[in-house]
Amino acid sequence: MRKATVQTLQTQAYECITKLLSSASHFNFASSLISACVSGINEKNEAAARMCVEAIEELLDNDASGECSLKVLELTINQVKAKMQTLNPALIAALIRLRISAVDVERKTHEQRKRERDLKKPMNNDDKLIQRSLDKADATPDQAHRKRTMTYVLQRLMAAYLRVLEAAQDANGIRQHRLLVPVLEGLTKFAPLLDIRMLNLLLTAIKDVLELSNTHALTTLNAIVACATLTECAEMASVQTNTAGDEFTSSAVAVDFGPAYKHLYRIIPEILSTPHAADLVSFRRERAQTIKRAEKMEQLKASGDDDTKSLATSMATTVDLSHEYINACAERNRRVTLLLKACDILLMRPKFITVNRVTAFAKRLSLYSAHQPPHIAMALMGFIRQLSQKRSYLADLISESPEDNAGNAEYNPNAQEPEFAQADGAIMWEWCLLTKSYHPTLSRYTLAVQKMAQEVRDPLMKRPASLTHAVMEGLGPMLRSDGGELLRSHDVSLGAFTPEIQEPKAKKRRTLPT
């Protein structure tokens, strides 16, 4: 039998399995269907693997009881143990669809559960059989059983994540990146549901990932966000459970963020650069569909006349290049959003932070904002403006006319650590370039932020009328928005007008005097 025929039969078989699982997840042989779908994700047949991923994601989205989710997790852990070298990262990425919330997880301590077991009246076998029959006859679902199931699902999910974190450290660059990014995103999502002991284990594993030498920049950025989020959750959990003297609490909360600042400062240039084709891992399905469309155009080119051939070639090339552009723009926006989140956690939330660190990060973001598209430049400047409101010493470095003591330091852009960059006295001259930008909103926004910084430095200064009427007109919502909101509201990378173009106001017709 030909290889193409076998592949077609395999695709049709997996299509039947996935459709049956999606339409009847309560089927008697649902466990066998789930096992077939989880195994099919690792198939070399991309069409079959894609259908299996979609079926598992839909199953996890609609599973309210947790029984099917638990089956998927057990099979995933077995796949991680047996086939880690050939594991498809899409299987790990699908686990983020699990429906687990704070109300579904038991918050009782070990002592409370032990006390409840001691106070509970023991039951003999007959009483257990009667109670089991009553539970089956009850029409309403048992909330206690659902909580126990979801708690166990969360435990198995963290076990799977820990296994992937440990095994992915020996993988090469791009495969390590594709395995670790969904794990770190999942940890960031489910961190508020974890207890102190699990948070401590995960923080230790993430710190080991940060110390790897060949880690991808985006992986490092996700690890920094996950580490900071887990630390915040550990602090909240230690306060809520009143276990400040516990050894796990003290080790989980007392995390040194010095390496995190160093790694984040080092990867900013790579994060703000144009993504490479190998980094576009979030859009592989759309990429496969685009290649299929291009192949159809090539077939049309081979079978038609000269006009049809030229049209097909043009359409295939245009589809391919436009898809690459859309992927790169979307991936770039996602990176900037994650970068702003990491900077917010490390620079905005701590109460005490050195001046050298804050000024070094602000200077580096300002330096690379001059080389970014307008919507990303506005997002970076919006974050610096928000940071200057909390760290007032940045106002003099941003203002249009800095004081005499500003600019007396020689900034070192090649420094690998923010403390040695000597940015505490370096003015942000890039803002003067952005005030002359071709983009009208970007230039007006930059000038307005500079004027506002000058007012922060000198509150008694009278605001000129030109700033109020010409510069500040229409910028009120922008000056109250953070970097992420500016990025979303002014993103024109996909060809749309954001914000939408407003119609001009109707002018009253002047009547000439007779």
Side-chain angles (χ1 to χ4, degrees), residues 46 50 53-54 57 88-94 96-97 168 171-189 209 214-226 263-264 266-294 317-344 364-365 368-380 382-383 482-496 498:
E46 293 185 2
R50 184 166 61 251
V53 170
E54 293 174 354
E57 289 178 350
N88 190 350
L91 177 59
I92 306 300
I96 202 171
R97 300 292 191 94
N172 56 8
I174 190 64
R175 177 164 178 78
Q176 182 189 79
H177 165 64
R178 293 176 179 177
L179 287 171
L180 289 180
V181 166
V183 172
L184 297 171
E185 290 177 352
L187 291 178
T188 304
K189 177 182 177 181
V209 172
N214 58 345
T215 309
H216 194 275
L218 191 57
T219 305
T220 304
L221 185 59
N222 280 277
I224 292 172
V225 174
H263 291 303
L264 181 60
R266 176 179 54 84
I267 65 175
I268 284 178
E270 189 173 353
I271 292 296
L272 294 179
S273 61
T274 304
H276 301 287
D279 298 337
L280 305 177
V281 297
S282 302
F283 304 92
R284 296 183 67 190
R285 297 181 190 173
E286 292 83 355
R287 176 63 178 159
Q289 294 174 1
T290 304
I291 293 175
K292 187 179 296 185
R293 290 177 61 186
T317 308
T318 304
V319 168
D320 195 13
L321 295 179
S322 64
H323 182 73
E324 287 289 344
Y325 173 72
I326 292 173
N327 282 0
C329 292
E331 180 69 15
R332 197 171 192 174
N333 293 344
R334 191 172 72 90
R335 290 184 177 193
V336 174
T337 303
L338 198 60
L339 174 62
L340 293 176
K341 184 177 180 180
C343 291
D344 178 76
R364 175 156 283 198
L365 292 176
Y368 284 93
S369 65
H371 307 280
Q372 302 300 317
H375 65 286
I376 295 181
M378 277 190 284
L380 296 177
F383 173 76
D482 56 9
E485 294 174 353
L486 289 173
L487 181 66
R488 291 188 295 269
S489 60
H490 291 81
D491 181 18
V492 295
S493 59
L494 301 184
T498 50

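The figures here come from the full heavy-atom set of this structure, side chains too, leaving out hydrogens, waters and symmetry mates.
- Side-chain atoms of H177 and T219 include a donor-acceptor pair closer than 3.5 Å.
- Within the 3.5 Å criterion, the main-chain N or O of V225 finds no donor-acceptor partner in the side chain of K341.
- In this structure, SG on C343 lies 9.0 Å from CD1 on I224, to the nearest 0.5 angstrom.
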Check: How far apart are the C-alpha atoms of I376 and S369, what are their side-chain angles, what is the distance that settles it, and do they pass the side-chain contact (heavy atoms from CB on, under 4.5 Å) test?
Finding: CA-CA 7 Å; I376 295 181; S369 65; over 6 Å; no

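- The closest donor-acceptor contact from the side chain of D344 to the backbone of L340 lies at 3.5 Å or more, if one exists at all.
- Although no hydrogens or angles enter the test, the distance criterion places no donor-acceptor pair under 3.5 Å between the side chain of E57 and the main chain of A94.
- Of all heavy-atom pairs between A93 and P182, the closest is CA-CB, 3.6 Å.
- Going from atom CG of N222 over to atom NE2 of H216 covers 10.5 Å, rounded to the nearest 0.5 Å.
- In summary, the aromatic rings of H375 and H490 are positioned with their centroids too far apart to meet the 6.0 Å limit.
- Taking CG of L179 as the reference point, atom CD1 of I92 lies at 7.0 Å (rounded to 0.5 Å).
- A distance of 9.5 Å separates CG in N88 from CD in E46, rounded to the nearest 0.5 Å.
- Using a 4.5 Å heavy-atom threshold, the side chains of S273 and R332 count as separate.
- Electrostatic pairing of E331 and R335 counts as a salt bridge here, judged by a charged N lying under 4.0 Å from a carboxylate O.
- Atoms CZ and CG, from F383 and L339 in turn, are 8.0 Å apart once rounded to the nearest 0.5 Å.
- With sequence neighbours left out, the salt bridge (Lys or Arg N to Asp or Glu O under 4.0 Å) criterion links D491 to no other residue.
- Nearest approach of L184 to A226, heavy atoms of both residues: O-CB, 3.9 Å.
- Note that the CZ atom of R175 and the CG atom of L180 stand 10.5 Å from one another [nearest 0.5 Å].
- Among residues two or more places apart in sequence or in another chain, the side-chain contact (heavy atoms from CB on, under 4.5 Å) test is passed with A217 by I267, E270, I271.
- Ion pairing of E185 with R334 is present here, as a side-chain N (NZ or NE/NH1/NH2) and a carboxylate O approach within less than 4.0 Å.
- Between L487 and N333 the shortest side-chain heavy-atom distance falls below 4.5 Å.
- For the residue pair Q372 and L380, the shortest heavy atom distance occurs at CG-CD1, 4.3 Å.
- In this structure, the side chain of D482 engages the main chain of E485 through a donor-acceptor pair within 3.5 Å.
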